[in-house]
Amino acid sequence: MRIYEHRTSTTISSGSTATVSLNVLGGILRQVIVRALTSNTTAFRTNLVDASLLTRKNWGFHRGEINDDVAIPVSGRLTLNITNVSPDDVFAIYLGVQE
């Protein structure tokens with residue numbers, strides 16, 4: 001068993017951003033972490049879109065952090081969108097795929 005990890009951090013200053021993973025040959029998305037690093041009261045929305053532009057998961061509005069254990073079959077490039085951020089913040093992002 002191999003684990004593909006996509007880790008990044010980004011500063012959001014205009015209310016939204018997106019991060020794109022490298023190409024995943026095929027596997028199961030096991031964990032998603034999206035964490036506001038400056039304040040645990042930062043509000044935001046997050047969703048995951050696959051290579052075919054199909055929204056695979058929508059987490060809706062959260063404050064501070066999303067730490068979700070999931071089991072979503074995936075392949076190709078995954079895009080994690082973070083939108084409606086208030087106030088501006090720095091985010092840490094992690095996607096873990098079991099290949």
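No experiment lies behind these values; they were computed from the predicted model shown.
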> Checking side-chain hydrogen bond (donor to acceptor under 3.5 Å, both in side chains) against Asn81, which of Thr17, Thr55, Thr46, Asn47 comes through?
Replying inline: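 Only match with Asn81 under side-chain hydrogen bond (donor to acceptor under 3.5 Å, both in side chains): Asn47.
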> Is any side-chain heavy atom of Leu48 closer than 4.5 Å to a side-chain heavy atom of Leu78?
Replying inline: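 When only atoms from C-beta onward are counted, Leu78 and Leu48 do touch, with a gap below 4.5 Å.
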> Once you round to the nearest 0.5 Å, how far does CD1 of Ile66 lie from CD1 of Ile33?
Replying inline: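 These two atoms lie 11.0 Å from each other.
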> Say you draw a straight line from CD of Glu99 to CD1 of Ile28; how long is it, rounded to the nearest 0.5 Å?
Replying inline: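 Those atoms lie 11.5 Å apart.
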> Step by step, would you call Thr10 with Val90 a side chain to side chain contact (heavy atoms under 4.5 Å, CB included)?
Replying inline: CA-CA 6 Å; Thr10 186; Val90 178; over 6 Å; no
>> Can you confirm whether the side chains of Gln31 and Tyr94 place a donor and an acceptor under 3.5 Å from each other?
In response: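 Note: Gln31 and Tyr94 side chains miss the donor-acceptor criterion.
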Closest approach of [X] and [Y], non-hydrogen atoms and distance?
{"X": "Arg56", "Y": "Pro73", "value": "NH2-O, 2.7 Å"}
{"X": "Ala51", "Y": "Gly76", "value": "CB-CA, 4.2 Å"}
{"X": "Thr42", "Y": "Pro87", "value": "CG2-O, 3.5 Å"}
{"X": "Asp89", "Y": "Ala36", "value": "OD2-CB, 3.3 Å"}

> Should the pair Phe44 and Phe91 be assigned to parallel (<30°), tilted (30 to 60°) or perpendicular (>60°) ring geometry?
Replying inline: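 Rings of Phe44 and Phe91: perpendicular, over 60°.
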>> Using a strict threshold of under 4.0 Å (side-chain N to carboxylate O), is an ion pair present between Asp50 and Arg77?
In response: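 No, this pair does not count.
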